[in-house]
Enquirer: 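Shown below is the structure under consideration.
Reckoned from all heavy atoms, side chains included, excluding hydrogens, waters and symmetry mates. Everything numeric in this text was worked out from a predicted model, so none of it was measured. When a ligand or atom number is given, it counts from 1 through the structure's own listing order.
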Amino acid sequence: DGAYSFAAIEAKWPAVWDELGVFTPKDDGSRERRYVLDMFPYPSGDLHMGHAEAFAMGDVVARYWRLKGYDVLHPIGWDSFGLPAENAAIKRNAHPAEWTYANIDTQAASFKRYGLSLDWSRRLHTSDPEYYRWTQWLFLRFYERGLAYRKNHPVNWCPKDLTVLANEQVVNGACERCGTPVTKKALNQWYFKITEYADRLLDDMDELDGRWPERVLAMQRNWIGRSEGAHVDFAIEATDDGSRPDRSVTVFTTRPDTLYGATFFVVAADAELAAEIVAPDQAEALAEYQDRVKALSEIERQNTDREKTGVFLGRYAVNPLSGEKLPVWAADYVLADYGTGAIMAVPAHDQRDLDFARAFGLPVRAVLDTGEEDPAVSGVATSGEGTIVNSGPLDGLSKAEGIAKAIEIVESAATGAGTVNYRLRDWLLSRQRFWGAPIPIIHCDVDGEVPVPDDQLPVRLPDDLRGEQLAPKGTSPLAAAEHWVNVTCPTCGGPARRDTDTMDTFVDSSWYYLRYLSPDYSEGPFDVDAAKRWMPVAQYVGGVEHAILHLLYSRFFTKVLKDMGLIEFDEPFAALMNQGQVLNGGKAMSKSLGNGVDLGEQLDQFGVDAVRLTMVFASPPEDDVDWADVSPSGSAKFLARAWRLGQDVLSEPGADPAAGDRALRAVTHRTLAEASELVEAHKFNVVIAKVMELVNATRKAIDNGPGGADPAVREAVEVVAIILSLVAPYTAEDLWAALGHEPSVANASWPAHDPSLLVEETVTAVVQVQGKVRDRLEVDPAISEDELRELALASPNVTRILDGRGIRTVIVRAPRLVNIVPA
Ligand code: ANZ
């Protein structure tokens, strides 16, 4: 009673929800199950506006499905390993766990305040030994299947963070985290063989079409980067002095139809191959060139506008089709780790090759007539469709025919084969950092790599390292923890050492959605029966920044788990929604711009419900929200207005609405019907607009209509409470209670709308005689033309005016108009 106070209702309801366990699924098979998942947070500081938006969106879906009668699982946990905790610990001479778990507590309190319909009983943290025990267990299963292996390889290295980065963590040649240009370093590293799953990762995306955002699917397809083409072997002739014998080098090409247009041959300057094949008199020039290339950052190297550079290696490659001799060059525009690291250069039809040919005066020969200007003259390579020319047996063929024919020729001559090449690389998962799951492998001089036996898991992190001891040194800080490192070999009992690397945190997050299903399960990473009941996730919600990494890795894990026989589905996330960003003044919030908005302050000032409603009302979920353009105070006013309706409902619970005001009922039922469709189409913002209209109509009915005692008013306010509960749980709960219902509104059912109320009962048909209105008839909106004509002609007004005259024509526009023209 009295005035609306968000503080009072925020204090009142959380304890009730907890006690009732409203958001814990029944999991008894009495209802159809649906799993709604928000990407779990990283515990850096308190929650921010971005969390507030993402979680508000996910909660709309979870709450809607609950009201629709589904058994909804909506869990929460933390992705709690990672660098920031370690950096904080180094700075404060503390252990990363202290910072991590303190932040988790802060965020948990904020989530609770935020009124999300989460099942807290399944809470997990990836840095808990009970969790990472199973991350390690999974690693070992991958290892047994040959899907985890170690190799010495030049890797991306961040010279500032002193850590290895996955390809995915290198953005425009710089460290994703700190922006430092990334260099290469040869290190012994652990990899997951994700490339073995490239085709499945690609093909299974078909089942996600229309259910995941188009651009996310495009990014994944692009990242996997499947290219069909051919491997073609070129013989490199021996040097005249015989110091280098002849040998064969294979290229990867997507355009074997252009083989006759190859005028030179290029190997990656930084590939070992270059040094292997260089003629002695060019070796020094190559070494100098390689030094210059090494000095470049990845950003500079990948810049396509950069002038082409390279060095002639003093050797010649023989074209297997034409027998032509092509000079062999080394250049940095050919990448060492793509394809075979060597190419046949076809300058007429590949712009990079053409730029190079022009820089070094190499010949350009067009072999596909596309009707465009000669590339040798225009400087623009042609890549369209056309007819093959200057190409012996391929002449006259189209591009596609030429590709097939060229492959046929090289295959029959055993100098090549059709092949598929992927951009995707194996997943480099080891990190030389402390705060992650230790890799459960022991290195023994006698037995080599020995997996830690399952019954010795988890391999716990030592808890006595502090501050500086955790600082990155290029090797893992764990290497210095002698008491931890030195163990006996599980196989021979002799002295051995633990692997000192930890796993990329993306390993932790690749399977957390399964752990939620049975968070205390101790027989395995998850209860396979629970996975059968709940998976796949019906709706996943999170930022587009995870479009590649996290989603690809989770999909890969799912496929491996399927191959292990633990699950029966191929894709973990049946539907994906990417929420937009929260901006301020049109720009992303940042410290340097000083445009940050503190979530806690917004909640203090306007209340949780007003902030949530503002987030959802601002735009469709996938669009950005500019906080400078929205009005949380307007939202608060609307909520108070909605809440006050509860005080003016004078009928008793259960009053039969059928006897109530039909006009208001029509608005209520239309709102219900539209809100359902809108939620399902993810147009949450429009749902808010609709409920605002319903609140206005109800207020009018109370003040200037049938009044608060009319049961149609009760019906309307109940619907307001139910729809509002999707975004404003406190206000909705209080309103529900004011209507005399037991908590919680989350346990209510989404009322079925009555379709007969959606049609207007009658419409007014105007009857004219010679253009003059002579009568108005209330008719069924579905009336037929014949019925309406008959009614109009039977009207006493009409017969009087006609006064016995005959009729020339009757124009009928059902259900609104009849025009009678007398004879
Ligand atoms: C001859 C040719 C003619 C090519 C032509 C293209 C057009 P995608 O589609 O991205 O897979 N290539 C192969 N390996 C390379 C490497 N390590 N570094 C740089 N470029 C490389 O690209 C495949 C094409 O990129 C291959 O087909 C090859 O050039 C080049 F008219 O071969 B092509």
Enquirer: Considering only non-hydrogen protein atoms, determine which one is nearest to atom 10 (O) of ligand 1 and report residue, atom name and distance to 0.1 Å.
Expert: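 So the nearest neighbour among protein heavy atoms is Arg423 NH2, 2.5 Å.
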
Enquirer: For Tyr143 and Tyr149, I'd like to know if the aromatic rings sit close, meaning centre-to-centre distance below 6.0 Å.
Expert: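 Ring centroids of Tyr143 and Tyr149 are no less than 6.0 Å from each other.
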
Enquirer: Would you confirm whether the ring centroid of Phe557 sits within less than 6.0 angstrom of the ring centroid of Phe142?
Expert: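 Between Phe557 and Phe142, which both carry aromatic rings, the centre distance is below 6.0 Å.
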
Enquirer: So, Thr135 and Tyr512: side-chain donor and acceptor under 3.5 Å apart, yes or no?
Expert: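 No, Tyr512 and Thr135 have no side-chain donor paired with an acceptor closer than 3.5 Å.
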
Enquirer: Looking at non-hydrogen atoms alone, which of Glu228, Arg255, Arg226, Gln351 comes nearest to atom 5 (C) of ligand 1?
Expert: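 Among Glu228, Arg255, Arg226, Gln351, the closest heavy atom to atom 5 (C) of ligand 1 comes from Arg255.
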
Enquirer: Can you pull out the closest protein heavy atom to atom 18 (N) of ligand 1? Residue, atom name and distance to 0.1 Å, please.
Expert: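 Minimum-distance protein heavy atom for atom 18 (N) of ligand 1 reads Leu335 N, 2.9 Å.
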
Enquirer: Could you list which atoms of ligand 1 come closer than 4.0 Å to a heavy atom of His349?
Expert: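 The atoms of ligand 1 under 4.0 Å from a heavy atom of His349 are 5 (C), 7 (C), 31 (F).
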
Enquirer: Should Gly339 be counted as touching ligand 1, given the test is an N or O pair under 3.5 Å?
Expert: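 Not met; the criterion fails.
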
Enquirer: By number and element, which atoms of ligand 1 are closer than 4.0 Å to a non-hydrogen atom of Thr253?
Expert: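 So the atoms of ligand 1 that pass are 1 (C), 2 (C), 26 (C), 27 (O), 32 (O), 33 (B).
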
Enquirer: Measure up the Tyr333 and Phe356 rings against each other and bin them: parallel (under 30°), tilted (30 to 60°), perpendicular (over 60°).
Expert: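 Aromatic pair Tyr333/Phe356 classed tilted.
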
Enquirer: Does the separation of the ring centres of Tyr553 and Trp427 fall below 6.0 angstrom?
Expert: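 For Tyr553 and Trp427, the ring centres are under 6.0 Å apart.
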
Enquirer: For Glu568, is the CD atom crowded, meaning more than 12 foreign heavy atoms sit under 6.0 Å from it?
Expert: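 Open.
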
Enquirer: With respect to atom 19 (C) of ligand 1, which of Tyr333, Tyr422, Tyr338 exhibits the smallest heavy-atom separation?
Expert: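 The residue whose heavy atom sits nearest atom 19 (C) of ligand 1 is Tyr333.
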
Enquirer: Nearest protein heavy atom to atom 6 (C) of ligand 1, by residue and atom, and its distance?
Expert: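 Here the nearest protein heavy atom works out to Asp350 OD2, 3.3 Å.
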
Enquirer: Among Pro256, Ser227, Gly225, which residue places a heavy atom closest to atom 8 (P) of ligand 1?
Expert: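 Considering heavy atoms of Pro256, Ser227, Gly225, the nearest to atom 8 (P) of ligand 1 sits in Ser227.
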
Enquirer: Do we get Arg150 above Tyr191's six-membered ring, with its NZ or CZ under 6.0 Å from the centre and within 45° of the axis?
Expert: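 Verdict for Tyr191: no cation-pi partner in Arg150.
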
Enquirer: Do the charged groups of Arg292 and Asp270 touch, with an N to O distance under 4.0 Å?
Expert: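 Salt bridge: no.
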
Enquirer: Considering both backbone and side-chain atoms of Asn421, is one of its nitrogen or oxygen atoms within less than 3.5 Å of a nitrogen or oxygen in ligand 1?
Expert: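 Such a contact does not occur with ligand 1.
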
Enquirer: Please determine which of Asp504, Asp426, Asp501, Asp499 meets the side-chain hydrogen bond (donor to acceptor under 3.5 Å, both in side chains) test together with Trp190.
Expert: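 Checked Asp504, Asp426, Asp501, Asp499 against Trp190; only one passes side-chain hydrogen bond (donor to acceptor under 3.5 Å, both in side chains): Asp499.
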
Enquirer: Just to confirm my output: which protein heavy-atom neighbour is closest to atom 27 (O) of ligand 1, and how far is it?
Expert: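 Of every protein heavy atom, Thr254 N, 3.0 Å lies nearest to atom 27 (O) of ligand 1.
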
Enquirer: Who gets closest to atom 15 (C) of ligand 1 by heavy atom: Asp353, Val346, Ile343?
Expert: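 When every heavy atom of Asp353, Val346, Ile343 is considered, Ile343 comes closest to atom 15 (C) of ligand 1.
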
Enquirer: Assess whether a salt bridge exists between Glu401 and Lys399, defined as any Lys/Arg side-chain N lying under 4.0 Å from an Asp/Glu carboxylate O.
Expert: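 No.
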
Enquirer: Quick check on contacts: which atoms of ligand 1 are under 4.0 angstrom from a heavy atom of Arg352?
Expert: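 What qualifies from ligand 1 is 20 (N), 25 (O), 30 (C).
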
Enquirer: Which protein heavy atom lies closest to atom 28 (C) of ligand 1, and at what distance to 0.1 Å?
Expert: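 Sorting protein heavy atoms by distance from atom 28 (C) of ligand 1 puts Phe252 O, 3.7 Å first.
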
Enquirer: What is the nearest protein non-hydrogen atom to atom 3 (C) of ligand 1, stated with its residue, atom name and distance?
Expert: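 Heavy-atom neighbour on the protein nearest atom 3 (C) of ligand 1: Thr258 OG1, 3.4 Å.
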
